[in-house]
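Have a look at the structure below before the remarks.
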Amino acid sequence: MNSTDTSKNALLSENRRLRGRVAELESLAHELREMQQALRTSEERYRSVFENTGTATVIIENDMTISMTNAKFEALTGYSREEIKGRMKWPEFVVPEDAERMRTYHIQRRKDRNMAPTEYECRVQNRFGEVKDMHVNIDMISGTLQSVASFMDITAFKQAEAALIESERKLSKLMGNLPGMAYRCAADDSRHLHFVSAGSKWLTEYPPYELIDGGGITLMDLIHPDDRQRVKEQIQSLISAGRPFQLEYRIITASGRTKWVWEEGVGVVSEAGEIIGIEGFISDISEHKKEELQLRKENIRLKTSIQERYKFGDIIGKNPAMQAVYERIAKAATSDANVIIYGESGTGKELVARQIHRLSDNRDRPFVPVNCSAIPETLFESEFFGYKKGAFTGAGADKPGYFDLAADGTLFLDELGEVGLSAQVKLLRVLEGGGYTPVGGQEIRKVHARIVSATNRDLKEDLKTGRVREDFFYRIHIIPITLPPLRERKDDLPLLIEHFLTMYSKNEEIPKMDGKMLAQLYNYEWPGNVRELQNVLQRYITLKTLDFMTRSVAGEKAVDISVGIDDVGDGESLSHIMDRVEKQVIMQSLEKNRWHRNRTAGELHIDRKTLLRKIKKLGLG
């Protein structure tokens with residue numbers, strides 16, 4: 001084969017190779033066009049998804065520049081796309097307090113995408129300075145240093161959450177400050193507690209965690225054993241009927257104390273109409289119950305003790321002032337507070353003290369009377385606090401003091417106004433709960449004794465002059481009772497005269513008194529009060545004559561009564577005679593004062609209301 005043929009064959013071979021290469025290039029060009037078309041389609045689809053994702057979305061470059069943003073992000077920030085793309089960095093939109101955290105996440109994410117969270121919350125601010133709470137979802141784009149982030153506005157949610165937290169805080173504070181315990185419990189027989197407020201500690205002395213699920217103590221466990229069945233039956237009856245309930249009962253606290261409580265509750269009903277629980281509130285009514293029980297006891301005592309209004313125990317009198325004294329005695333008897341009885345000598349202060357003790361809950365305990373004026377200051381401690389054997393010469397054995405003798409009973413301190421300042425300090429320590437130490441002893445004794453005091457002095461005046469300590473005064477002057485002198489309640493004379501004559505006559509016939517004698521008794525001023533009247537009448541029973549011993553009966557206000565011994569009928573009662581005498585006394589006084597009621601009442605030492613009542617009773621008006 002010549003060289004010409006060789007060249008021709010080479011050209012043909014090269015031509016075929018070139019044609020094949022052209023075909024390959026055309027095929028590649030076709031594939032490239034298809035790939036470009038697919039890429040354009042994919043990009044359009046991606047942009048469409050990016051734009052319509054429903055959230056504000058951006059692509060963040062390695063240097064934190066935002067390279068792509070959608071319309072939602074524009075609306076969120078208030079900046080246009082042209083202002084953002086390639087010009088603004090992501091931290092510029094974050095509030096300063098959160099910006100450093102965002103930068104840290106950005107760097108960590110590019111080192112290891114697992115080092116930074118893909119979801120978190122932060123706050124962004126728009127160009128107008130408005131701050132909004134955002135939930136951010138961010139992750140790396142595979143094979144790049146870019147990240148794509150989407151933002152959901154949760155401002156309203158955060159506000160609602162904050163409002164809920166604040167509401168729960170206020171509710172928790174309210175529940176904690178309520179004077180009782182709010183609860184939710186099961187509707188079973190044991191009433192297992194699912195929730196209790198902080199007030200459980202104050203009410204039951206159990207902290208909430210010991211009462212709610214798993215604590216082992218149910219609501220029924222707290223109720224006093226004697227009240228459980230009644231409470232259970234009442235609640236079941238009302239809850240089953242779909243009605244709320246209200247009831248009172250006793251509970252036993254963690255320390256074993258008994259409290260009266262008031263419970264209000266209602267059944268919790270499911271959508272199916274089943275009772276699935278009980279919600280309610282329990283409050284302490286112990287003080288209210290105590291007052292109620294005191295009132296009940298007081299009423300019972302008043303009904304049983306004041307059978308007739310002219311007599312209260314050993315105390316005689318129907319004068320309005322004495323009726324007020326009776327009421328005060330009844331009230332004092334229901335309390336443990338210290339009592340101070342004011343009154344002149346002979347008005348019956350010890351009788352009042354004994355009646356208070358007789359009506360009290362400690363009536364079976366000792367009543368110990370002490371005449372304070374008869375105790376020398378040097379013997380005060382040994383008499384009141386007792387002494388130990390060998391404490392001083394002559395102390396051959398232990399001797400209890402007045403406080404020991406009156407333990408759980410009543411200690412009556414008569415003539416309290418005569419106690420000196422030094423003794424007041426010693427008594428004050430006991431009254432304030434500090435106890436006392438017997439002379440020669442070391443142990444401190446503390447006994448409970450009701451203190452009832454009496455005096456004929458004006459302690460308020462003694463307080464001003466410094467004769468009585470202020471702290472001592474306010475310790476003993478809690479319930480004051482003032483007894484009126486006999487001259488201010490002469491309308492009680494008939495009752496008192498009949499009482500003492502009957503008492504001293506024993507089983508003998510009561511001697512009769514003529515009108516002149518009764519007038520003498522009525523006109524006398526009675527400086528020694530009821531005790532003096534008692535002595536006068538006792539002497540009369542023995543000597544058959546009135547002997548006042550102190551001074552003459554006659555005076556400028558004396559009334560001449562014309563009732564003589566011959567006017568007294570056989571078998572006529574003293575009460576009837578006294579009524580006649582009283583009628584004549586009042587009539588003469590009215591005529592003397594020209595029927596001026598106020599002057600007549602003043603002359604007779606009675607108040608105007610009493611005078612008007614007697615005028616009506618005796619048929620004088």
Side-chain angles (χ1 to χ4, degrees), residues 168 170-303 331 334-336 361:
E168 289 177 345
K170 290 180 178 178
L171 179 60
S172 177
K173 184 176 181 180
L174 174 63
M175 294 288 251
N177 292 332
L178 283 174
M181 180 182 81
Y183 71 87
R184 178 167 182 158
C185 70
D188 56 17
D189 288 345
S190 297
R191 302 183 70 189
H192 289 86
L193 289 158
H194 303 319
F195 164 80
V196 292
S197 64
S200 67
K201 179 65 176 176
W202 173 81
L203 181 70
T204 69
E205 299 176 10
Y206 289 102
Y209 66 83
E210 289 190 19
L211 296 176
I212 58 177
D213 299 315
I217 301 172
T218 69
L219 186 50
M220 198 59 71
D221 292 334
L222 297 173
I223 299 175
H224 193 286
D226 295 342
D227 295 343
R228 284 176 189 166
Q229 189 61 33
R230 171 177 62 85
V231 171
K232 176 183 174 182
E233 291 175 356
Q234 289 183 0
I235 291 178
Q236 285 182 343
S237 173
L238 291 169
I239 291 295
S240 299
R243 294 166 56 192
F245 62 86
Q246 297 177 336
L247 63 159
E248 62 180 41
Y249 54 84
R250 292 164 294 174
I251 63 169
I252 306 297
T253 68
S255 65
R257 294 170 55 208
T258 299
K259 286 185 178 181
W260 278 95
V261 298
W262 174 263
E263 181 180 358
E264 298 181 61
V266 64
V268 180
V269 182
S270 68
E271 292 182 359
E274 297 178 352
I275 299 173
I276 57 174
I278 300 174
E279 291 180 344
F281 185 77
I282 304 174
S283 55
D284 186 352
I285 60 167
S286 298
E287 286 302 314
H288 170 76
K289 198 69 178 178
K290 182 179 178 181
E291 292 176 2
E292 179 185 322
L293 292 174
Q294 284 180 339
L295 286 173
R296 287 181 182 176
K297 288 192 290 185
E298 182 179 325
N299 288 336
I300 292 172
R301 285 166 180 162
L302 284 171
K303 289 177 181 178
K331 285 182 168 60
T334 64
S335 168
D336 288 330
D361 291 336

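The basis for the numbers below is simple: all heavy atoms, side chains too, and nothing from hydrogens, waters or symmetry mates.
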Could you please spell out the steps behind the side-chain contact (heavy atoms from CB on, under 4.5 Å) verdict for T218 and R191?
CA-CA 6 Å; T218 69; R191 302 183 70 189; 5.6 Å; no
Would you please test D188 and S190 for side-chain hydrogen bond (donor to acceptor under 3.5 Å, both in side chains) and show each step?
CA-CA 6 Å; D188 56 17; S190 297; 5.2 Å; no
In chain order, what residues pass the side chain to side chain donor-acceptor pair (under 3.5 Å) check against D336, with sequence neighbours excluded?
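Checked D336 against side chain to side chain donor-acceptor pair (under 3.5 Å); zero matches.
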Return the set of residues passing side chain to side chain donor-acceptor pair (under 3.5 Å) with R184 (not counting sequence neighbours), or none when no residue passes.
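Per chain and number, R184 pairs via side chain to side chain donor-acceptor pair (under 3.5 Å) with E279.
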Please report the interatomic distance [atom1]([X]) to [atom2]([Y]), rounded to the nearest 0.5 Å.
X	Y	atom1	atom2	result
H194	C185	NE2	SG	7.0 Å
Q246	L238	CD	CG	9.5 Å
Y249	I285	OH	CD1	10.0 Å
H224	L222	NE2	CG	12.5 Å
L193	I212	CG	CD1	9.0 Å
L219	S200	CG	OG	11.5 Å

So Y206 and V196, side-chain contact (heavy atoms from CB on, under 4.5 Å) or not? Walk me through it.
CA-CA 11 Å; Y206 289 102; V196 292; over 6 Å; no
Listed by chain and number, what are the salt bridge (Lys or Arg N to Asp or Glu O under 4.0 Å) partners of E264, not counting sequence neighbours?
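Scan of E264 (salt bridge (Lys or Arg N to Asp or Glu O under 4.0 Å), adjacent residues dropped) gives none.
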So, for [X] and [Y], which heavy atoms are closest and what is the spacing to 0.1 Å?
X	Y	value
I275	A187	CG2-CB, 3.9 Å
R228	M220	NE-O, 3.2 Å
S270	I276	CB-CG2, 3.8 Å
W260	S286	N-OG, 3.1 Å
F281	Y183	N-CE2, 3.6 Å

Test side-chain contact (heavy atoms from CB on, under 4.5 Å) applied to K289 and R250, step by step
CA-CA 10 Å; K289 198 69 178 178; R250 292 164 294 174; over 6 Å; no
After noting the C-alpha distance and the side-chain angles of T258 and I252, does the key distance pass the side-chain contact (heavy atoms from CB on, under 4.5 Å) rule?
CA-CA 5 Å; T258 299; I252 306 297; 3.5 Å; yes
Check whether any side-chain N or O of S237 sits under 3.5 Å from a backbone N or O of Q234 as a donor-acceptor pair, and report yes or no.
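No, S237 side chain to Q234 backbone: no donor-acceptor pair under 3.5 Å.
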Return yes if some donor-acceptor pair links the side-chain N/O of K259 with the main-chain N/O of T253 below 3.5 Å, else return no.
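Such a contact is absent between K259 side chain and T253 backbone.
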Report the residue from D284, D227, V261, I282 that forms a side-chain contact (heavy atoms from CB on, under 4.5 Å) with I251.
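Only one of D284, D227, V261, I282 forms a side-chain contact (heavy atoms from CB on, under 4.5 Å) with I251, namely V261.
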